[in-house]
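All chains are named by letter (A, B, ...) in the order of the sequence lines, taking the proteins before the strands, and each is independently numbered beginning at 1.
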Protein chains: 4
Amino acid sequence: MANKTPPDSTRRSERSRRAIYDAALALVGEVGYNKLTIEGIAARAGVGKQTIYRWWPSKAAVLLDAFTQDVEGYEAGMPDTGDLAADLKFVLRASVDEFADEKWQAPYRALAVAGANDAELSARFVERLLEPGIQVYVKRMRAAQERGEIGADVDVRVATEMVLGPFTQRWLMRTGELTYAYVDTLVDLALAGLRPRA
Amino acid sequence: MANKTPPDSTRRSERSRRAIYDAALALVGEVGYNKLTIEGIAARAGVGKQTIYRWWPSKAAVLLDAFTQDVEGYEAGMPDTGDLAADLKFVLRASVDEFADEKWQAPYRALAVAGANDAELSARFVERLLEPGIQVYVKRMRAAQERGEIGADVDVRVATEMVLGPFTQRWLMRTGELTYAYVDTLVDLALAGLRPRA
Amino acid sequence: MANKTPPDSTRRSERSRRAIYDAALALVGEVGYNKLTIEGIAARAGVGKQTIYRWWPSKAAVLLDAFTQDVEGYEAGMPDTGDLAADLKFVLRASVDEFADEKWQAPYRALAVAGANDAELSARFVERLLEPGIQVYVKRMRAAQERGEIGADVDVRVATEMVLGPFTQRWLMRTGELTYAYVDTLVDLALAGLRPRA
Amino acid sequence: MANKTPPDSTRRSERSRRAIYDAALALVGEVGYNKLTIEGIAARAGVGKQTIYRWWPSKAAVLLDAFTQDVEGYEAGMPDTGDLAADLKFVLRASVDEFADEKWQAPYRALAVAGANDAELSARFVERLLEPGIQVYVKRMRAAQERGEIGADVDVRVATEMVLGPFTQRWLMRTGELTYAYVDTLVDLALAGLRPRA
DNA sequence: AGATAAACGAGACGGTACGTCAGGTCTTAGA
DNA sequence: TCTAAGACCTGACGTACCGTCTCGTTTATCT
């Protein structure tokens, strides 16, 4: 029952969509996620509330799309200089800087958090933002593994999590500082266990 | 100015406090954190709203106290059989079970998440719930380190995070399953790097 | 400025117009005037909203046209048997029956009411529906006056209102029942005057 | 089911109630009944919307109470100079003036009209405002009847309607002007009857 | 034991935002 | 070119909670 016929997406206003994305990102930076409201987004975007409700189920979904749009074409990838430790440290240090940027961090954190209480949203967040970031590490590790720098029996997925998990936890839970020194230590400690056994 | 004289805590109604804790925990399990409301807690507890506002600043704070109360005397600690890997796996496997229990998981997740958007709450959450849990690991590792099972130069705090971070991330972000096999792999991989260099 | 060129009425779709009338009358009977909506009429008629807005300024105007269409060729007129009292009673009794018919009454009442708050609509309602009904009485009275049954100095318009006004008030305001006995009393009293017979 | 416990009227804010009445009457005069909104009343009164919804079921009900409050203690009654025609004319002429006053007329008309589409409201409107006004005439007529100025067999209720009905119809439907001359004619005709004087 | 005063339950209050509905305008496709 | 379809902006709807503010009513000391 209750199947509202879904709107015809070919007629969708591109103008409104962009305005909504811009408004959502601007507002989440200004007032934070908790005080972000659909009414606020609509007003800022110069758009009717219904136009938002027509296309998204929640403010979190709007923000996810807005943010995804924003980081499209990111896919920076990781260098492969042949030195795995150096490459990991290089990218993680960049992440340290990124996560220190309040403007970028606010919506990302908001999404991570909103996802935690909403399984469906979580799935989309992971698929669209989190997983691609993880895969960058997995691929680089796999390359190292093929060259024999990492033990053949090592689960590179778990190995990646061993580097990213602590980083994420410190950031999200504020259980510690995110510094260059920290990520260096982390990489060294993690890699020490990955080397092929002599 | 504006210093509301704080309420006299000696006159506080113990009955009401318990009722509020019970109501908060019951409701967060039934409707989830987002739909948990102060009005709902007050109604369920048979308590005036003001009685809640008098003693707590937010629903998250209520929940934190309620939950803390609930796990008081936990402090289980970790066995020390002399086999570090086995001990870590033992406790982590218990955590796997614990985090699979919807009733326990709901408020814990809610608090973790609420903290992410509220630095002050976060600090108390970490201090009261998260950090004690981490310290259990840190202490066990330190013991192992003193016995020379772990390299003397290893930062046991970071080493602990290398085990708990991935676990937490999988749970919170739902980026993977939490199984016995997973935590075993995790422990083995982490410890491989911790052994003292020959 | 702003003079929208009026639409070319020669190209108007007769099919749509009829469908709109039918839908409007059906809906006003089903849901009442307050819950009658342009959207509802359009949907029921299988017509775009714009097609309604192009030709009518308001739902009341649609209903007025629809209803007028429906009662076209009414103009029943009043018999002239030579007995004024009997003729008046005859027609008023027919009205009693008519106003008891929910299906006929609903849109008529709706229009009377909508008119009360909209002078322009009111004018058209009076001109097209109400006044013709009144004139039927006025003519019959005038005929009686010419035959000397009614005083030559009597204002037959006012005399007519003296019969129809009470009837309308009872109906519209629900201040009393509309029965055969009532209209008989009304006619007798109006014709006779209140003074005691000498 | 669904019986929300009714609010405790002893705790009701008199201040708010007055402000709501004032706002409702002011707004209905300024923008008309159709554009009168609960939000508008609340805003103008400096009151939460819920405070209105708590105590009244609709904007019409608010207006009815507001208006009733306003005309409380009216109950002017009718003079009894012994000359029935003169007394009726006197009061009706006063009504002519009253109904020409836009400020008084707007809410009264609005209520009459709202009642037409809402039987329950109608009942209260009639009981509180309309019927008392009618009874003033009925009583005066009855007095005249007891003195023999009016035939003993005359139904004074119907006789009253014969005077007030036409007046009301002209006003509500705008079928004619409301002048002193009109009400004089009406009274004379009603009292005299239509038959030619012998 | 009685008086005093704070916490208590209850819930009305001024507000904000919700998610829905309809109004009236504007755009696109099709006949 | 007019029509059907329907997306759009607007604004009001009625509801849910917010956090504050009285109201009596316990309850727990302190005379």
Side-chain angles (χ1 to χ4, degrees), chain A residues 4-5 7-13 15-16 19 35-43 45-55 57-59, chain B residues 4-5 7-13 15-17 19 35-43 45-55 57-59, chain C residues 4 7-13 15-16 19 35-43 45-55 57-59, chain D residues 4-5 7-13 15-16 19 35-43 45-55 57-59:
Chain A
K4 281 274 169 78
T5 38
D8 176 350
S9 55
T10 68
R11 302 216 149 183
R12 187 164 181 182
S13 161
R15 232 172 136 281
S16 295
K35 292 192 178 172
L36 180 68
T37 64
I38 300 245
E39 295 217 322
I41 297 171
V47 139
K49 272 199 291 180
Q50 201 56 45
T51 299
I52 298 182
Y53 283 111
R54 188 159 23 236
W55 302 108
S58 67
K59 69 176 177 177
Chain B
K4 280 276 167 76
T5 37
D8 175 352
S9 56
T10 67
R11 302 185 76 116
R12 186 165 181 184
S13 161
R15 228 172 140 282
S16 295
R17 199 178 58 179
K35 293 192 178 171
L36 180 68
T37 65
I38 301 244
E39 296 218 323
I41 297 171
V47 141
K49 275 200 290 179
Q50 197 60 249
T51 300
I52 297 182
Y53 284 110
R54 184 153 32 229
W55 302 108
S58 67
K59 69 174 177 177
Chain C
K4 283 277 168 74
D8 176 351
S9 56
T10 66
R11 289 181 143 257
R12 184 164 185 185
S13 160
R15 228 171 138 283
S16 296
K35 293 193 176 169
L36 180 68
T37 65
I38 300 249
E39 297 216 322
I41 297 172
V47 140
K49 275 201 289 181
Q50 198 55 35
T51 301
I52 297 181
Y53 283 110
R54 192 161 14 241
W55 302 106
S58 68
K59 69 175 178 179
Chain D
K4 283 275 169 78
T5 39
D8 176 350
S9 56
T10 67
R11 298 204 150 204
R12 187 164 183 182
S13 161
R15 230 173 137 282
S16 296
K35 293 193 177 171
L36 180 67
T37 65
I38 300 247
E39 295 216 324
I41 297 171
V47 140
K49 273 201 290 180
Q50 202 55 45
T51 300
I52 298 182
Y53 284 112
R54 185 155 30 233
W55 302 107
S58 67
K59 68 175 178 177

Exercise: identify the closest heavy-atom pair between A:Ala19 and A:Ala45: O-CB, 3.5 Å
Under-3.5 Å donor-acceptor pair between C:Gln50 side chain and E:dC26 base: yes
Donor-acceptor pair (no angle test) under 3.5 Å: A:Lys49 side chain, F:dG11 base: no
Phosphate-side-chain proximity, D:Ser16 and E:dA12, N/O vs OP1/OP2 below 4.0 Å: no
Of B:Thr37 and C:Gly48, the one whose closest DNA chain F nucleotide lies more 5': C:Gly48
Side-chain N,O (A:Thr51) to OP1/OP2 (F:dA7) below 4.0 Å: no
Length of the line joining C:Lys59:NZ and E:dG23:P, which is rounded to integer Å: 7 Å
Euclidean distance, atom CD1 of residue C:Ile52 to atom P of E:dA22 [Å, nearest integer]: 14 Å
Face-on cation placement of B:Arg17 at B:Trp55 ring, 6.0 Å and 45° thresholds: no
For C:Arg15, side-chain contact (heavy atoms from CB on, under 4.5 Å) partners two or more places apart: C:Ser13
Touch class at under 4.0 angstrom, heavy-atom based, for B:Arg54 against every strand present: base
Residue met sooner reading DNA chain E from 5', once A:Leu36 and C:Ser58 are mapped to nucleotides: A:Leu36
Contact summary for C:Leu36 and C:Lys59, nearest pair of heavy atoms: O-NZ, 3.0 Å
Residue met sooner reading DNA chain E from 5', once B:Ala45 and D:Asp8 are mapped to nucleotides: B:Ala45
Atom pair distance, as rounded to whole Å: CD1 in B:Ile38 and C1' in E:dA10: 16 Å
Nearest-0.5 Å distance that lies between atom CD in D:Glu39 and atom CD1 in D:Ile41: 11.0 Å
Interatomic spacing from CZ in A:Arg54 to OG in A:Ser16 - rounded to 0.5 Å: 9.0 Å
Nucleotides 23-29 of chain F: protein proximity per nucleotide (B base, S sugar-phosphate only, - neither; heavy atom, under 4.0 Å): B---BB-
Rounded interatomic separation in angstrom, taking CH2 from C:Trp55 and C1' from E:dG24: 18 Å
Gap between atoms NZ and C1', on D:Lys35 and E:dG24 respectively (whole Å): 12 Å
Gap between atoms CD and P, on B:Glu39 and E:dA12 respectively (whole Å): 11 Å
Sugar-phosphate only, base, or nothing, as touched by C:Gly40 at under 4.0 Å among non-hydrogen atoms: nothing
Between F:dC8 (C1') and A:Tyr53 (OH): distance, integer Å: 17 Å
C:Arg15 CZ - E:dA31 C1' separation (whole Å): 13 Å
